[in-house]
Number of protein chains: 2
Amino acid sequence: MDEQLRRRYGLKADMFKALAHPMRIYMLDKLRERHWCVCELAAELGIDKSVASKHLSQLKAAGLIDDEKRGTLVEYRLLAPCILDMAACAESTVLANQRRKYGLSPS
Amino acid sequence: MDEQLRRRYGLKADMFKALAHPMRIYMLDKLRERHWCVCELAAELGIDKSVASKHLSQLKAAGLIDDEKRGTLVEYRLLAPCILDMAACAESTVLANQRRKYGLSPS
DNA sequence: CCTCTTGTTTCAAATTATGGAAACAATGCA
DNA sequence: TGCATTGTTTCCATAATTTGAAACAAGAGG
């Protein structure tokens with residue numbers, strides 16, 4: 001695995017790493033509907049504003065969302081809608097595997 | 001965020017967590033071509049067999065791959081091809097963002 | 001039975017990720 | 001200016017992940 005391959009797979013991994021947290025996926029789901037500011041998302045998720053800000057910063061670094069200042073608040077918006085299709089694919093895969101392994105019906 | 005939502009987003013996050021490592025994505029890419037045993041993948045990636053085994057175990061737990069014993073070796077095979085489409089989507093998104101942010105041409 | 005090969009598991013160490021509090025910056029408004 | 005609101009950053013404690021070595025388990029084959 002040479003340097004170029006390592007960098008290429010590192011980029012993909014960074015993208016998935018940004019998605020590898022329940023709060024961040026929930027944030028993306030909320031941003032699909034409309035713009036949200038940090039304090040709104042923090043209240044919706046029941047977490048500290050600093051934590052929400054850091055999660056949003058990770059999503060922004062991954063290029064999944066973008067922000068825009070409006071007065072004292074910062075509005076975040078979704079950039080890459082295909083990401084949520086990925087999340088849906090992930091969920092259906094997980095559910096299919098649960099059914100296959102444990103015979104559970106989809107809940 | 002109630003318990004049911006937390007569990008639902010936790011499941012999605014677990015799937016992405018399984019993909020959030022360069023070696024594991026590389027493994028999935030290799031498994032797209034054909035079956036591979038642990039020692040082959042370990043040699044290909046230049047990592048210890050115990051490390052390769054643990055990465056594969058994570059991918060299996062996520063339901064992305066499956067294994068089958070053949071004598072002393074264990075063959076792994078890809079289960080969910082849509083996962084690699086996700087990885088491709090991730091890469092194109094990353095590259096698009098690089099171009100948008102830094103004006104780089106696609107490499 | 002003995003030995004070699006292949007994989008998995010366990011263990012400790014190092015690294016990384018996360019959360020919460022506090023400090024700080026920036027804007028709006030009286 | 002003074003003050004409240006909103007976000008970001010920093011610091012620290014805790015939790016999770018990753019790695020490699022070693023121990024262990026399971027077959028294959030002499």
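Because the structure is predicted, anything quoted here is derived from the model rather than measured.
Between A:L45 atom CG and D:dG7 atom C1' the separation is 16 Å, expressed in whole Å. Distance CD (B:E75) to C1' (C:dT8): 17 Å, rounded to an integer number of Å. Remark: C1' of D:dT18 and CD1 of B:I25 are 16 Å apart, rounded to the nearest angstrom. Computed from coordinates, the B:K49 NZ to D:dA23 C1' distance equals 11 Å when rounded to whole Å. One atom, CD1 of B:I47, and another, P of C:dT6, lie 16 Å apart when rounded to the nearest Å. Counting to the nearest Å, the P atom of C:dT27 and the CG atom of A:D67 are 14 Å from each other. Taking atom CG of A:L56 as the reference point, atom P of D:dT6 lies 15 Å away to the nearest angstrom. Rounded to whole angstrom, the span from the CD atom of B:E44 across to the C1' atom of C:dT6 amounts to 18 Å.
Side chain B:K54 to base D:dG20: a donor-acceptor pair is found below 3.5 Å.
Residue B:R70 is tested with B:D67, B:T72, B:L73, B:V74 for a side-chain contact (heavy atoms from CB on, under 4.5 Å); the sole match is B:L73. Applying side-chain contact (heavy atoms from CB on, under 4.5 Å) to B:L45 and the options B:R24, B:H55, B:M23 leaves one that passes, B:M23.
In this structure, A:K17 reaches the sugar-phosphate backbone alone: every heavy-atom distance under 4.0 Å involves primed, P, OP1 or OP2 atoms, never a base. Within 4.0 Å of B:R24, counting heavy atoms only, lie sugar-phosphate atoms of the nucleic acid but no base atom.
Applying the 4.0 Å criterion to OP1 and OP2 of D:dT8, one finds that A:Y76 has a side-chain N or O inside that range. In terms of phosphate contacts, B:S53 brings a side-chain nitrogen or oxygen within less than 4.0 Å of OP1 or OP2 of C:dT8. For the pair B:H21 and D:dT19, the criterion of a side-chain N or O lying under 4.0 Å from OP1 or OP2 is met. Look at A:H55 and you won't find any side-chain N or O under 4.0 angstrom from OP1 or OP2 of C:dA17. For A:Q58, a side-chain nitrogen or oxygen approaches OP1 or OP2 of C:dT18 to under 4.0 Å.
Here the nucleotide nearest the side chain of A:S50, chosen from C:dT5, C:dG20, D:dG7, is C:dG20. Distances from the side chain of B:V38 to the nucleotides C:dT8, C:dG28, D:dG27 place C:dT8 closest. Set against C:dG28, D:dT8, C:dG7, the side chain of B:C39 has C:dG7 as its closest nucleotide.
The residue among A:G46 and B:A52 whose nearest nucleotide of DNA chain C lies closer to the 5′ end is B:A52. Toward the 5′ end of DNA chain C lies the nearest nucleotide of A:A20, the other residue of the pair A:A20 and A:K69 mapping further downstream. Nearest-nucleotide positions on DNA chain D for A:C37 and B:D48 put A:C37 closer to the 5' end.
Residues B:E40 and B:K49 are not paired through a salt bridge, judged by the lack of any N-O separation under 4.0 Å between the basic side chain and the carboxylate. Salt-bridge annotation for B:R77 and B:E75: absent, with no side-chain N of the basic residue lying under 4.0 Å from a carboxylate O of the acidic one.
The CD1 atom of A:I25 lies 5.5 Å from the CZ atom of B:F16; values are rounded to the nearest 0.5 Å.
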inquiry  = Does B:L41 form a side-chain contact (heavy atoms from CB on, under 4.5 Å) with B:L56? I'd like the steps, not just the answer.
reply    = CA-CA 10 Å; B:L41 281 172; B:L56 288 166; 3.9 Å; yes

